[in-house]
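Note sheet for the following structure.
In listed order, ligands and their atoms are each counted from 1.
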Amino acid sequence: MPVHSELYHQISNELKEKNVTLVAVSKTKSVAEILELYNLGQKDFGENYVQELAEKYHQLPKDIHWHFIGHLQSNKVKLIAPFVHLIHSVDSEKLLKEINKEAKKNERIIDCLLQVHIAKEETKFGLDENELEQIIQALNLANNTSEEKSIKNISIKGLMGMASFTDDEKIVRHEFHSMKSLFDKFSAALSFQPSAFSILSMGMSADYKMAVEEGSNMVRIGSLLFGERNYTKS
Ligand SMILES: *Cc1c(COP(=O)(O)O)cnc(C)c1O
């Protein structure tokens with residue numbers, strides 16, 4: 001299925017005007033489809049599966065910014081650590097430490113977002129407000145005490161979240177609003193890198209306009225750009 005180029009330019013321009021970064025979510029989509037969008041000027045792409053991302057990275061132009069947006073297992077971090085641009089889905093201290101370790105091996109600093117659990121559904125990954133607070137405290141502590149314990153090869157750039165899957169706009173708007181409040185609260189709490197905390201990743205095909213109205217500055221859009229995903233054929 002060809003990429004919807006007119007719609008792409010329309011969305012891309014609309015977001016650029018508002019200083020919102022567009023991440024094109026290309027999971028299950030082919031290298032050819034990604035190239036089509038790349039040739040229209042898109043540089044940021046998001047993937048959910050480590051293996052799929054690693055394969056696409058090797059086949060596609062090296063100036064693509066690859067965003068990892070799926071659930072990440074610690075033992076797979078090493079596969080994306082050499083090249084990943086931003087990991088949106090950090091949901092534990094253990095994972096942060098693993099990312100830090102692999103970043104160090106690759107002599108780079110990996111940018112990360114902490115994934116917030118805001119939707120009502122039980123199935124969604126992410127940290128609640130208390131867990132978020134604990135992680136940020138642990139990071140402040142580690143980086144303010146010994147050099148040896150410091151977590152210097154990651155940079156926490158902000159938060160990522162998903163709203164509930166519902167047609168009820170009120171619920172979705174309320175959840176985006178809560179995420180923005182958390183973002184504002186925690187941007188003040190990261191004592192060791194206050195200015196770097198600047199990304200709020202929220203909004204997908206169905207709800208990105210509302211997310212931007214509520215303060216998102218990075219949206220992750222898949223099906224609207226690439227067409228519906230077909231999981232059976234991939
Ligand atoms: C698949 C996915 C998206 C994109 O979803 P669409 O509804 O196709 O825009 C965004 N964020 C995450 C975390 C995803 O898994």
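Only side-chain heavy atoms of Asn48 come within less than 4.0 Å of ligand 1; its backbone N, CA, C and O stay farther off. For His88, no heavy-atom contact with ligand 1 is shorter than 4.0 Å.
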*Checking side-chain contact (heavy atoms from CB on, under 4.5 Å) for the pair Gln42/Asp44: CA distance, chi angles, key distance, verdict?*
CA-CA 6 Å; Gln42 180 63 22; Asp44 290 84; 3.9 Å; yes

*Begin with the C-alpha distance, continue with both residues' side-chain angles, and end with the deciding distance and a verdict on salt bridge (charged side-chain N to carboxylate O under 4.0 Å, His left out) for Glu213 and Lys209.*
CA-CA 6 Å; Glu213 282 167 16; Lys209 287 190 183 187; over 6 Å; no

*Is there a salt bridge (charged side-chain N to carboxylate O under 4.0 Å, His left out) between Lys94 and Glu98 once you walk through the steps?*
CA-CA 6 Å; Lys94 178 178 170 233; Glu98 184 64 24; over 6 Å; no

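For the pair Lys27 and Tyr49, the cation-pi test (distance below 6.0 Å, angle within 45°) is failed.
Heavy-atom contacts of Ile69 reach the following atoms of ligand 1: 11 (N), 12 (C), 13 (C), 14 (C) (cutoff under 4.0 Å). Contact atoms of ligand 1 toward Ile221: 9 (O) (distance under 4.0 Å to a heavy atom of the residue).
The heavy atom nearest to atom 2 (C) of ligand 1, considering only Lys27, Arg220, Met204, Gln115, is found in Lys27.
Between Phe45 and Phe226, the ring planes are tilted. Angles from 30° to 60° get that label.
For the ligand labelled ligand 1, residue Leu224 lies outside the 4.0 Å heavy-atom shell.
Under the 3.5 Å distance criterion, with hydrogens and angles disregarded, a donor-acceptor pair is assigned to the side chains of Ser30 and Glu33.
Polar contact check, Gly222 against ligand 1: a nitrogen or oxygen pair lies under 3.5 Å apart.
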